[in-house]
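Here is the structure we will look at.
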Amino acid sequence: MSPATSPRRLGAALAALGVIACGAALTIGPGGGAWGERTVPLLAGAIMALGGLAVMAEPATQDTTTTLRAEMRAASLLLLGAAWTVALGLVGFLVATLIAAPLAFALFGQRRASPLALFALLVPVALHLFFFHVLGVFPPYGRLFDLADIRLF
Amino acid sequence: MDIFLGLATVLSSPILLGWIVLAAFVGMLVGAIPGLTASAAIAMLLPITFQMEPLAALAFLYVIGKSGRYGGSIAAILFNTPGTAASAATQIDGYPLARQGKAGKAMKVATLSSVLGDFTGDILLIAFVGGIAWVALRLGPPELFGIYVAAFVVIGSVIGASPARGIASAALGVLLATVGFDPITGTARMTFGLYDLTGGLNLVPLMIGMFVVSEVMDQVARPTAAPEVVETAPGRDGLTWAEYRPCLPHVARSSLIGAFIGMLPGLGSAIAAFVAYGEGKRRARDPEAWGKGALEGIAAPEAANNAVSGPSMAPLLTLGIPGSTIGAILVGAFLVHGIQIGPTLFLTNRDLVYALFACGLVGIVCYGIIGYFGAASLGRVVARVPGTVLYPIVFLLALTAAYSARGNLFDVWVALGAGAVGYIMRRTGLNPAAFVIAFVLTPGAEQALRQSLLLSDAGWGIFAQRPVAAGFLLLSVAVLVLRVRRVRRARRGIAA
């Protein structure tokens with residue numbers, strides 16, 4: 001994929017990150033003497049800042065046909081992931097995933113009701129069974145509510 | 001001799017054979033899906049292998065990497081969309097052949113050439129890796145640091161179009177690898193007071209974010225069009241010996257090209273495939289036919305692409321330096337199972353290493369058989385699975401896998417953060433592969449640097465006093481200068 005950001009802006013962002021990293025590295029305690037624990041972060045920050053300056057000097061390239069709408073869709077997916085992660089801690093895996101799965105399918109353009117409902121139900125149950133029963137991973141427990149608390153008998 | 005013991009171990013274990021067959025199938029499937037890569041599959045499946053025996057886990061992931069490289073050719077030939085970057089060269093002649101109704105023939109050439117290339121690479125690995133480990137055992141911290149710096153520079157400057165962006169990406173990987181308690185003094189570094197960061201960023205969720213979440217974000221932003229399968233005309237999918245025989249010199253040459261490129265960190269399958277294609281076309285009897293559906297035009301890049309697989313394990317196993325993203329993820333697999341990679345691996349886990357090589361050989365046979373008889377059918381199945389179903393499942397599976405690595409919600413945040421960073425890197429021409437490899441290399445490089453400085457009376461001068469270290473550092477400078485000059489010349493050419 002060809003770059004979609006101007007080299008000046010990207011280079012400036014990288015250089016700024018490098019400078020911040022250098023600043024953060026200098027706050028690391030001098031426990032290991034002159035060549036101690038701050039050496040590598042400091043070097044990496046400096047190289048990143050220099051890399052950023054070099055990127056700034058690159059000639060501008062043509063932008064790809066990216067649209068705000070496309071970037072918003074990508075950001076929405078990330079937000080959905082973040083909301084799912086918060087929900088895991090509040091209502092446990094199954095409920096969080098039962099809510100997130102249809103939204104994820106809808107975000108990818110699945111509009112037909114019956115496949116949407118089918119996958120939205122099947123995927124959380126399949127993931128739950130595989131990871132938490134077959135592999136034996138301890139599932140995230142919902143602080144507010146968790147299906148594991150419900151005793152039918 | 002060790003390899004025969006390894007083969008005996010593998011062939012006498014039905015469970016291990018079962019994992020290898022499954023891995024061969026999974027790798028092919030993932031490689032054939034446009035947009036998904038073997039790296040993504042390995043990153044996602046890594047937490048699942050935590051419960052397995054070390055050899056079965058490593059073999060499963062290693063064989064997925066091998067068959068995933070081959071699987072890319074299915075999409076390249078049948079859908080005109082390379083499943084992996086390396087199979088883009090296969091597409092040049094593969095798709096025209098498919099359009100002529102010879103998709104089955106093209107697939108068979110790709111399968112045979114991949115198998116022969118992969119075998120050549122693995123046999124060279126098995127023959128020489130012991131020698132490389134012997135040399136590696138005699139290197140001290142300054143020499144190792146010189147090699148690490150050379151790897152950083154090669155990976156940063158050679159992958160991608162811009163050396164500056166590659167080096168900056170690698171520096172970001174180094175920076176994030178230093179987050180957490182310092183391994184020597186125990187001082188907190190770059191944690192910003194957050195308890196969850198004191199243990200550092202876990203490799204597994206980071207890989208899942210970089211390779212899977214960022215790819216799924218890319219797919220939701222710019223969906224790949226549903227592939228159209230080119231059907232094979234009846235009676236045209238058979239391959240005769242007379243048809244394949246002219247491909248053999250190309251396969252032999254390309255296998256050696258791929259094996260050589262595979263040993264060099266960072267270059268990888270895509271470069272090997274294009275170099276082999278270019279060299280094959282230059283030496284072809286009828287270069288005009290290349291690009292229009294020449295069988296040799298499929299054989300050359302496929303042999304080179306797969307010959308990379310074995311030799312790329314040499315720097316990983318002997319020096320702990322992954323030459324590819326797949327290698328970087330395998331580092332995580334070795335560490336999870338308590339196996340320290342590097343020069344001492346051949347002293348402490350020799351049996352396991354050769355059994356792993358044996359698994360690789362058996363894996364090649366498996367994907368060869370499945371591919372020869374079933375690649376076209378697999379392609380048709382892949383074409384029927386819509387992205388609107390596949391990618392949401394992959395997204396939820398990836399995040400659940402990130403959680404399951406340590407049963408820790410913070411790891412899901414790491415995967416999401418790495419996904420966002422990976423997506424931005426793709427969009428801005430930065431290099432996720434350089435970032436990840438640098439992240440994996442940093443602990444070893446830092447240890448070598450600090451040990452060297454502690455050993456030294458001359459400070460940084462120790463690297464000038466040791467000829468091997470100085471040689472690698474000079475090599476790094478030379479690679480960087482040559483690469484920058486080449487890129488500048490290319491830009492001037494475009495401007496003119």
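Numbered from 1 within each chain, the chains take letters A, B, ... in sequence-line order. We use all heavy atoms of the structure for the numbers below, so side chains are in, but hydrogens, waters and symmetry mates are not.
Between Gly387(B) and Phe108(A) the shortest heavy-atom distance is O-CD2, 4.2 Å. Between Arg73(A) and Ala221(B), the shortest heavy-atom distance links the atoms NH2-O, 2.8 Å. Residues Ala164(B) and Val55(A) approach most closely at CB-CG2, 3.7 Å, considering heavy atoms.
Both the backbone and the side chain of Val389(B) come within less than 4.5 Å of a heavy atom in chain A. Looking at Ala106(A), there are no atoms closer than 4.5 Å to chain B (heavy atoms on both sides), in backbone or side chain. Using a 4.5 Å cut-off between heavy atoms, Ala46(A) makes no contact with chain B at all. Using a 4.5 Å cut-off between heavy atoms, Pro124(A) makes no contact with chain B at all. Proximity to chain B involves both the backbone and the side chain of Ala101(A), based on heavy atoms less than 4.5 angstrom apart. Residue contact with chain B, scored on non-hydrogen atoms closer than 4.5 Å, involves the backbone and the side chain of Phe105(A) alike. When heavy atoms are compared at a cutoff of 4.5 Å, Val216(B) approaches chain A by way of both its backbone and its side chain.
Side-chain contact between Met190(B) and Pro41(A) is present, with at least one heavy-atom pair separated by less than 4.5 Å. Between Thr388(B) and Arg111(A), every side-chain heavy-atom pair lies at or beyond the 4.5 Å cut-off. Trp413(B) has its side chain within reach of Val86(A): a pair of non-hydrogen atoms, C-beta onward, lies under 4.5 Å apart. The shortest distance between side-chain heavy atoms of Ile184(B) and Glu37(A) does not fall below 4.5 Å.
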Quiz prompt | Worked verdict on Val412(B) versus Trp84(A) for side chain to side chain contact (heavy atoms under 4.5 Å, CB included) | solution = CA-CA 10 Å; Val412(B) 187; Trp84(A) 177 76; 3.9 Å; yes

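Taken to the nearest 0.5 Å, the CE atom of Met48(A) stands 13.0 Å off from the CD1 atom of Ile167(B). The line from CD of Glu71(A) to CD1 of Ile424(B) is 9.5 Å long, rounded to the nearest 0.5 Å. Within the model, atoms CG of Leu416(B) and OG1 of Thr85(A) stand 4.5 Å from one another, a figure rounded to the nearest 0.5 Å. Separation of atoms CZ (Arg189(B)) and OG1 (Thr27(A)) is listed at 11.5 Å; rounding is to 0.5 Å. Atom-to-atom distance recorded for Arg38(A):CZ and Asp182(B):CG is 12.0 Å, nearest 0.5 angstrom. Note that OG of Ser169(B) is 7.5 Å distant from CG of Leu14(A), once rounded to the nearest 0.5 Å.
Most heavy-atom pairs under 4.5 Å with chain B, from the set Ala44(A), Ala104(A), Gly51(A), Pro140(A): that is Pro140(A). Between chain B and the residues Leu78(A), Leu17(A), Leu53(A), the most heavy-atom pairs under 4.5 angstrom are made by Leu78(A). Note on Gly81(A), Gly52(A), Ala57(A): by heavy-atom pairs under 4.5 Å with chain B, the leading option is Gly81(A). Among Pro139(A), Ala126(A), Gly45(A), the residue making the largest number of heavy-atom pairs under 4.5 Å with chain B is Pro139(A). Ranked by heavy-atom pairs under 4.5 Å with chain B, the list Leu127(A), Val123(A), Leu43(A), Ile47(A) is led by Leu127(A). Note: Val220(B) leads Val174(B), Val220(B), Val487(B), Leu172(B) in heavy-atom pairs under 4.5 Å with chain A. Among Leu103(A), Leu77(A), Leu116(A), the residue with the largest count of heavy-atom pairs under 4.5 Å with chain B is Leu77(A).
Residues of residues 45-53 of chain B lying within less than 4.5 angstrom of chain A, judged on heavy atoms, are Ile48(B), Gln51(B) in numerical order.
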Indicate every side-chain donor-acceptor pair of residues 394-410 of chain B with a distance under 3.5 Å to a residue at least two apart or in another chain.
unit_1, atom_1, unit_2, atom_2, d
Thr400(B), OG1, Leu396(B), O, 2.7
Tyr403(B), OH, Phe138(A), O, 2.6
Ser404(B), OG, Ala401(B), O, 2.9
Arg406(B), NE, Asp411(B), OD2, 2.9
Arg406(B), NH2, Asp411(B), OD1, 2.8
Asn408(B), OD1, Phe410(B), N, 2.9

